[in-house]
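What you are looking at is a predicted structure, and each value in this text was computed from that prediction instead of being measured.
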Amino acid sequence: MGYYLSRKMGAQIQGKWKSMSRDSHLVASPRVVNIEDLRWLAKRRLPKAIFDYLDDGAEDEITLRENCRVFCDYTFRPRHAVKFPAYNSRSTVLGAEISFPAFLAPVGYSRVMHPGGEVVAAAAAGNAGTGYTLSTISGHKLENVRAATKGPAWYQLYLVGGREVAEGGIERARNAGFNALVVTIDTPVAGMRERDLRNGMTEMFAGSLFAKLPYYQSILEHPGWLMAFLRDGGMPRLENVVIPEKGPMSLMDVGSALSRAVVTWEDLKWIREMWRGPIIIKGVLTGDDAKRSVDEGAAAIVVSNHGGRQLDCVSSSLRALPEVVAAVNGRAEVLMDGGVRRGSDIVKALCLGARAVLIGRAYAYGLAAAGQVGVARALEILRADVDRTLRLLGCPSVAALDASYLEKTRNG
C-alpha cells in the first residue's frame with residue numbers, strides 16, 4: 001500500500017532533480033561513447049574529494065585496478081557465418097525479467113554526488129527495463145526511491161545503528177514494496193581509502209569550520225556542484241537509518257557505526273524471520289562462503305570485493321567467479337560486480353557462469369555527471385554493447401552464453 005501511495009511523490013521528486021542537470025546535453029553528445037567518457041565528465045563536475053570517494057579504492061588500489069584489468073585475460077571465440085532471426089539480451093534474475101543482464105548496485109552517498117541521487121538512479125533503471133539496489137547509506141527515503149522506479153528494487157542492508165534500527169529499515173522496505181534484501185558481509189570496518197584521508201573527507205563531512213578551510217578551494221572551483229548541493233539543503237542525513245528518539249543518522253557517524261555493525265552468519269537467522277522474501281548475500285569471494293550462504297538460505301550470491309574498496313589484494317571478482325559458481329552448483333543464482341565498464345565485460349561474466357552483473361561506478365559516473373540522463377546514458381551504452389557483442393560472437397541470446405565462447409590467455 002505504501003508503494004502506491006508514494007508513486008505520485010516519487011514522480012514529483014524525480015522531475016525536480018531531472019530538471020537540475022546542467023550537463024545533460026553533454027551525455028547525449030557523440031563525445032560520450034563509453035563509460036570512461038562519463039567518468040571524465042564526473043571528474044570535471046565534482047570537487048576532488050567527492051570524485052575520489054566515488055573513484056578510489058583501498059590502500060594501493062591493487063584490487064581496484066585488477067577488477068578492470070582481469071577482463072583482458074579472456075579473449076572471445078566467436079562463431080562466424082551464422083545468422084539468427086533475432087538476438088535476445090533479456091535476462092531473468094530472481095524471477096524478474098530485465099532488459100539486459102545488468103542490475104544497478106548499491107552506491108552510498110549518491111545524494112552527495114547529485115541531489116537526485118538514489119531517486120533519479122532508480123528511475124533511470126526502471127525506464128531502461130532493469131532494476132536498482134538501494135544502499136542503506138542513502139540520502140533519500142527508501143519509500144520515495146521505490147516509488148520512482150517501474151522495475152524491480154532491492155534494499156541493501158547494513159546493521160548501522162544496531163539491530164533495532166535495521167529491523168525498522170527492513171520493515172519499511174517490505175512495506176514499500178522492495179523485492180529482495182541484499183545483506184553485505186564484507187564490511188566489518190571501512191577499508192583504508194587513502195585518497196579520502198588526503199582529501200579531508202572526514203573534515204568535510206564532520207569537522208569544524210576551521211578544519212574544513214584547507215579543502216574549500218576544490219569546492220569553490222566547482223560552482224555548479226556547489227550550487228546544486230546548497231539548493232538541496234547541504235549535507236544530507238541518512239534517511240533510512242533512523243535512530244530512536246534522535247531521527248536519521250548523520251553522515252559523520254557512519255564510519256564508527258560500521259565497526260559496531262558486523263554482520264555474522266548468526267544474524268541471518270533473525271534477518272530471515274524479519275524478511276520473508278529473497279535474501280541475497282553480497283561480498284562472497286570463496287567457495288566456502290558461497291556454500292555457507294546457500295546453507296543459510298540465500299536465494300542469490302553476489303561475487304564481490306566491494307569494488308576494491310575494502311581489503312586490498314584480494315581476488316578480482318571475475319577471477320573468483322568460477323570457484324563460486326562451482327561451489328553453488330545451481331542451488332542459488334550467482335551474480336557478480338566489480339570492474340564492469342563495457343558490455344563485453346558483462347558477456348564475459350555470463351560466459352563464466354554469472355546470471356547477471358551489478359554495476360556501480362559505471363552508472364554512478366553518469367549520475368555524478370548529469371543526474372538521471374547520465375545514468376540513462378550509461379545503461380544505454382552498456383545495453384548496446386551487450387547486443388553488439390552477442391551479434392559479433394554469433395550467439396543468439398545471453399542464455400546461450402557459456403565458457404566455450406571464451407579462451408583464457410593468462411593464468412593467475
Side-chain angles (χ1 to χ4, degrees), residues 14 18 21 24 26-39 41-42 68 71 76 78 84-94 96-107 120-133 148-154 302 317-318 333 335-352 354-401 405-406:
Q14 173 190 342
K18 186 175 180 180
S21 211
S24 60
L26 294 177
V27 299
S29 167
R31 289 177 298 168
V32 178
V33 298
N34 58 31
I35 300 302
E36 181 60 26
D37 292 337
L38 291 173
R39 179 180 179 273
L41 288 176
C68 293
F71 287 97
F76 286 119
F84 299 98
Y87 292 83
N88 185 8
S89 61
R90 302 189 71 82
S91 184
T92 301
V93 178
L94 294 180
E97 186 173 351
I98 54 178
S99 59
F100 77 116
F103 215 94
L104 271 62
V107 174
V120 299
N127 291 339
T130 191
Y132 176 78
T133 311
T149 181
K150 299 178 289 186
W154 301 342
V302 182
S317 297
L318 190 72
E333 295 182 13
L335 314 174
M336 190 209 83
D337 79 2
V340 174
R341 300 293 184 271
R342 294 189 178 272
S344 58
D345 298 338
I346 297 173
V347 170
K348 288 179 181 180
L350 268 61
C351 287
L352 293 177
R355 174 65 65 93
V357 303
L358 273 63
I359 55 171
R361 289 184 180 91
Y363 85 81
Y365 291 138
L367 173 68
Q372 183 170 337
V373 293
V375 178
R377 180 62 176 143
L379 292 171
E380 179 184 37
I381 289 168
L382 292 172
R383 183 177 180 181
D385 281 356
V386 170
D387 290 344
R388 182 174 56 254
T389 303
L390 286 179
R391 292 173 180 271
L392 291 171
L393 273 178
C395 181
S397 69
V398 294
L401 291 168
Y405 285 94
L406 289 184

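By the 30° and 60° cut-offs, the orientation of the rings of Trp154 relative to Phe103 is parallel.
Of the possible polar contacts, none joining the Ser89 side chain to the Phe100 backbone as a donor-acceptor pair under 3.5 Å is found. Put simply, the side chain of Asp385 gets close to the backbone of Gly343: a donor and an acceptor are under 3.5 Å apart. Judged purely by atom type and a 3.5 angstrom limit, Glu333 uses its side chain to pair as donor or acceptor with the backbone of Leu94. Under the 3.5 Å distance criterion, the side-chain polar atoms of Ser91 are left unmatched by any main-chain donor or acceptor of Pro101. Looking only at distances, a side-chain donor or acceptor of Tyr363 sits under 3.5 Å from a matching main-chain atom of Ala105.
Residue Cys68 holds its SG atom at 11.0 Å from CD1 of Ile35, rounded to the nearest 0.5 Å. Between the CZ atom of Phe84 and the SG atom of Cys395 there is a distance of 7.0 Å, given to the nearest 0.5 Å. The line from CZ of Arg31 to CG of Asp37 is 9.0 Å long, rounded to the nearest 0.5 Å. One distance of note links CZ of Arg383 with CD1 of Ile346; it measures 11.5 Å at 0.5 Å rounding. The structure places CG of Asn34 at 10.0 Å from CG of Leu382, a figure rounded to the nearest 0.5 Å.
A heavy-atom distance below 4.5 Å is found between the side chains of Val32 and Ile381. Annotation: side chain of Val398 is not in contact with side chain of Arg90 (no heavy-atom distance under 4.5 Å). Using a 4.5 Å heavy-atom threshold, the side chains of Gln372 and Asn127 count as touching.
For the side chain to side chain contact (heavy atoms under 4.5 Å, CB included) with Val375, the qualifying choice from Leu38, Val120, Leu104 is Leu104, the only one to do so. If you run side chain to side chain contact (heavy atoms under 4.5 Å, CB included) between Thr389 and each of Val386, Asp387, Leu392, Leu393, only Leu393 comes through.
The pair Glu36-Arg341 does not count as a salt bridge, with every side-chain nitrogen at least 4.0 angstrom from each carboxylate oxygen. Salt bridge Arg342/Asp345: absent, no basic N to carboxylate O contact under 4.0 Å.
Taking all atoms of both residues into account, the shortest heavy-atom contact from Tyr405 to Cys351 is CB-SG, 3.9 Å. Here the shortest heavy-atom pairing between Ser344 and Phe76 reads O-CZ, 3.8 Å. In terms of heavy atoms, Pro152 sits closest to Thr130 at CD-O, 4.0 Å. What you find for Phe71 and Gly338 is that their closest heavy atoms are CE1-O, 3.9 Å. Shortest non-hydrogen contact noted between Ala124 and Leu379 is O-CD1, 3.9 Å. Smallest separation of non-hydrogen atoms from Gly131 and Ile98: N-CG2, 4.2 Å.
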